[in-house]
Amino acid sequence: MIDVHTHCLLREHWGHEWEDHWQPVYGREWTDVTTEHFDESMQGVTTAFVFGLRASALGVATPNDFVAWFCANTETDTVGFMALDPSDPDVLDQLADGVAKGLRGIKLYPVLARFDPRDTAHDPFYRAAADNGLVVLWHMGATPSPAGDLSLSEPLLVDDVARRHPDLVQIIAHLGHPWQRETIVVLRKNRRVFADVSAAWALPFDGYHALVRAQEWKVVPKLLFGSDYPLWTPAQAADGLRMLAAMRPDGLPRIEASTVEWLVDGDPRPALGLA
């Protein structure tokens, strides 16, 4: 199992964002992620991609140093991603620092960072990412935060980046929920754009239709397993996918066993350039 969507956030990385905007929705305080709990939760996982968040306008920031330290201190095989905000004046320096620390990808969060992915001012950043062989993973879709700008979180925005930077490997997180249909057509036309299915099972009606659509559009090989840890463990995520596959709505196509098998047992690392 390759889990491409796990977090290593501490409460201090959130600033006031979790307490002010997320806690009222999720109903709990943030619990810091420890390497011990991470390893316990990653049982059965071959490799986990690990990252934090950065949205400078809201005071949210996970430093490269912490991600590198976290990855070095887990027993789980990990691929560390830096959390960057292209709006930062020194973002290229942060990127170079992450590369020097052995981080292999970048997590971007435009809905909270409130930058427009289509802005050509970010092209030097995208070029630097591609030149360094980094994978860019986008949070796309919903947010519980009133501070977020949903117009900057639509998966079709990634199509614009992919057309200008076809060599850049990109992952759309959460299948871009609730815009999974748009995500699927972005995957179909852009050779180096993928999507993870983290949290797809949390809303079964949407999740079921999204995976069936992925089958019909023949993009299942571009779907990646993600747990969204610590919100869910990989075991819970795999069970959720199997629950979706067990759904049998009358007169509708089913989720094929091979789709779940690919997600749970497939290895996308070669296609992502991270083998």
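To the nearest 0.5 Å, the span separating CZ on Arg248 from CZ on Arg254 amounts to 4.0 Å. For the atom pair CD (Glu12) and CH2 (Trp18), the distance works out to 16.0 Å, reported to the nearest 0.5 Å. Gln180 contributes atom CD, which lies 11.5 Å from atom NE2 of His174 (distance to the nearest 0.5 angstrom). Atoms CD1 and OG1, from Ile172 and Thr183 in turn, are 4.5 Å apart once rounded to the nearest 0.5 Å. Considering CZ of Arg192 and CG of Asp167, their distance stands at 5.0 Å, rounded to 0.5 Å. The line from OG1 of Thr46 to CE of Met1 is 8.5 Å long, rounded to the nearest 0.5 Å.
With Asp123 as the fixed residue, the salt bridge (charged side-chain N to carboxylate O under 4.0 Å, His left out) test singles out one of Arg118, Arg164, Arg163: Arg164. Evaluated for a side-chain contact (heavy atoms from CB on, under 4.5 Å) with Cys8, the options Phe66, Tyr229, Trp69, Phe51 yield exactly one hit, Phe66.
Side-chain atoms of Trp22 and Glu17 include a donor-acceptor pair closer than 3.5 Å. Judged by distance alone, the side chains of Asn73 and Thr35 never bring a donor and an acceptor atom under 3.5 Å apart. Between the side chains of Gln94 and Asn64, no donor-acceptor pair is found at a separation under 3.5 Å. Checked by atom type, the side-chain pair Gln170/Trp138 shows a donor-acceptor distance below 3.5 Å. Judged by distance alone, the side chains of Thr62 and Arg54 never bring a donor and an acceptor atom under 3.5 Å apart.
Annotation: side chain of Ser227 is not in contact with side chain of Thr233 (no heavy-atom distance under 4.5 Å). The shortest side-chain heavy-atom distance between Asp149 and Leu112 does not fall under the 4.5 Å cut-off. Contact of the Phe38 side chain with the Thr78 side chain is registered, since non-hydrogen atoms from C-beta on lie closer than 4.5 Å. Counting heavy atoms from C-beta on, the side chains of Val212 and Ile255 come closer than 4.5 Å.
The backbone N or O of Pro178 sits nowhere less than 3.5 Å from a side-chain atom of Arg181 that would complete a donor-acceptor pair. With Asp196 contributing its side chain and Phe225 its backbone, the two residues share no donor-acceptor pair below 3.5 Å. At distances below 3.5 Å, not a single donor-acceptor pair connects side-chain atoms of Asp3 with backbone N or O atoms of Pro234.
Side-chain rings of Trp201 and Trp232 approach one another, their centers coming within less than 6.0 Å. Checked against the 6.0 Å centroid threshold, Phe125 and His165 do not count as a close aromatic pair.
Linking Ile, Leu, Val, Met, Phe, Trp and Tyr whenever their side-chain heavy atoms come within less than 4.5 Å puts Leu108 and Val158 in one cluster. Linking Ile, Leu, Val, Met, Phe, Trp and Tyr residues whenever their side-chain heavy atoms come within less than 4.5 Å places Leu175 and Met243 in a single cluster.
A ring pair (Phe, Tyr, Trp, His ring centres under 6.0 Å) check over residues 246-275, counting only residues at least two apart or in different chains, returns nothing.
His209 is linked by a ring pair (Phe, Tyr, Trp, His ring centres under 6.0 Å) to Phe205, counting only residues two or more places apart in sequence or in another chain.
Annotation for Ala142 and Leu150: closest pair CA-CD2, 4.2 Å, computed over non-hydrogen atoms. For the pair Arg104 and Gly273, the tightest heavy-atom approach, listed with the atom from each and the gap, is NH2-O, 3.4 Å.
Tyr126 and His122 have perpendicular rings, their planes meeting at more than 60° on a 0 to 90° scale where under 30° would count as parallel.
Taking the ring centre of Phe194 as origin, the terminal cationic atom of Lys222 falls inside the region bounded by 6.0 Å and 45° from the ring axis.
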